[in-house]
Amino acid sequence: MRRRLGFLTLIAASAILTAGAYLVYSSQSVRHLHAGQSVRFEDLSSFHFFGGDWTALSGTISDGRSGRGDLAVTTDSTWGRVHLSGDVRFDNFFPGVPYGDAGFVLRVTQPDVGVDSFHGYYAGIRIQNQTLVFGKAEDHWSELKEQPLTFAVTPGGWYHLSVDADKCRFVVRARPVAGGREASFVYDDPDCFPSGAVGLRLFYVQASWRNLIARG
């Protein structure tokens, strides 16, 4: 009986912590950024975290947990039209796992801890398949586009990733920082989310980001 009560107490405590994380995020005052305004992200102060083990050093933000959908989401700003860009590095990945990717989220609402636990879009590099990927989450994952890269992605290298969102059109681009041919595609979502926060996401890898900027 005591063991059962202890287990139920642990579940209740976990639920309270998860709800608390969402309430802290949702209670933040939100500023809507307009055309021409930009924000740089160089430390952890601009983000609220849903899973992961996040650190920042000299302008590089890292997640060393290898979680299933760890999120870092901006706390006080939201965009509809946005250019989001930065450099991504894969610090570690697991060859036996079919999915391993890192990149950006945008137009995010209702973020929470867990796999695909947000509403919004994700654009990233999938190291296992060597592809550029774009998809939509509504507490479940809908992959919208996957395209082979024009270069090889290896752990330790930096890759510049960007996504432009204008109304329901999204342009995703990636290239090696050291030089190489760019991979890109355009996707039109007829039922698009109109606006939301931006941030970082990974799935079953350890990754780092730098030179992060969002521009309205």
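- Val88 is linked by a side-chain contact (heavy atoms from CB on, under 4.5 Å) to Ala102, Leu161, Trp209, counting only residues two or more places apart in sequence or in another chain.
- Looking at Thr131, Ile125, Leu132 one by one, the single match for side-chain contact (heavy atoms from CB on, under 4.5 Å) with Asn129 turns out to be Thr131.
- Applying the disulfide bond (SG atoms under 2.5 Å apart) test to pairs two or more places apart or on separate chains, those with a residue in residues 157-216 are Cys168-Cys192.
- Side-chain atoms of Thr150 come within 3.5 Å of backbone atoms of Arg181 as a donor-acceptor pair (strictly under, hydrogens ignored).
- Test Trp79, Phe134, Phe104 against Tyr121 for ring pair (Phe, Tyr, Trp, His ring centres under 6.0 Å) and you get one pass: Phe134.
- For the residue pair His83 and Asp164, a side-chain donor N or O sits within less than 3.5 Å of a side-chain acceptor on the partner.
- Side-chain N or O atoms of Arg107 include one that pairs as donor or acceptor with a backbone N or O of Phe193 at under 3.5 Å.
- Using a 4.5 Å heavy-atom threshold, the side chains of Arg201 and Phe118 count as touching.
- Qualifying side-chain contact (heavy atoms from CB on, under 4.5 Å) partners for Arg210, counting only residues two or more places apart in sequence or in other chains: Thr60, Asp87, Trp158, Val177.
- Side-chain contact check for His48 versus Val73: every heavy-atom pair is 4.5 Å or farther apart.
- Judged by distance alone, the side chain of Thr109 and the main-chain N or O of Gly196 form no donor-acceptor pair under 3.5 Å.
- For the pair Trp54/Phe47, no side-chain contact is recorded, criterion being any heavy-atom separation below 4.5 Å from C-beta on.
- Clustering ILVMFWY residues whenever any of their side-chain heavy atoms sit less than 4.5 angstrom apart, transitively, puts Leu44 in the very cluster that holds Phe41.
- Closest approach of Ser117 to Leu71, counting heavy atoms only: O-CD1, 4.3 Å.
- Pro155 has its side chain within reach of Ile127: a pair of non-hydrogen atoms, C-beta onward, lies under 4.5 Å apart.
- Among residues two or more places apart in sequence or in another chain, the ring-ring contact (aromatic ring centres under 6.0 Å, His included) test is passed with Phe90 by none.
- Sequence neighbours left out, not one pair with a member in residues 57-74 passes salt bridge (charged side-chain N to carboxylate O under 4.0 Å, His left out).
- Each salt bridge (charged side-chain N to carboxylate O under 4.0 Å, His left out) pair with one or both residues in residues 147-163, not counting sequence neighbours, would appear here, but there are none.
- By the side-chain contact (heavy atoms from CB on, under 4.5 Å) test, Ser66 is found to be paired with Phe94, Gln206, residues two or more places apart in sequence or in another chain being considered.
- When ring centroids are compared, Phe151 and Tyr159 come within the 6.0 Å threshold.
- The salt bridge (charged side-chain N to carboxylate O under 4.0 Å, His left out) analysis of residues 120-136, with sequence neighbours excluded, yields the pairs Asp101-Arg126, Arg126-Glu143, Arg126-Glu146, Lys136-Asp189.
- Side-chain contact between Leu200 and Leu212 is present, with heavy atoms from C-beta onward closer than 4.5 Å.
- Residue pairs meeting the disulfide bond (SG atoms under 2.5 Å apart) criterion with at least one member in residues 124-155: none, sequence neighbours excluded.
- Among residues at least two apart or in separate chains, there is no disulfide bond (SG atoms under 2.5 Å apart) pair with a member in residues 93-147.
- Atom OH of Tyr99 has 12 or fewer heavy atoms from other residues, nucleotides or ligands within 6.0 Å.
- Side-chain contact between Arg81 and Asp166: present, with at least one pair of heavy atoms (C-beta onward) separated by less than 4.5 Å.
- With sequence neighbours left out, Thr55 forms a side-chain contact (heavy atoms from CB on, under 4.5 Å) with Ser62.
- Apart from Val171 itself, the hydrophobic cluster it occupies contains Val186, where clustering links Ile, Leu, Val, Met, Phe, Trp and Tyr at side-chain heavy-atom distances under 4.5 Å.
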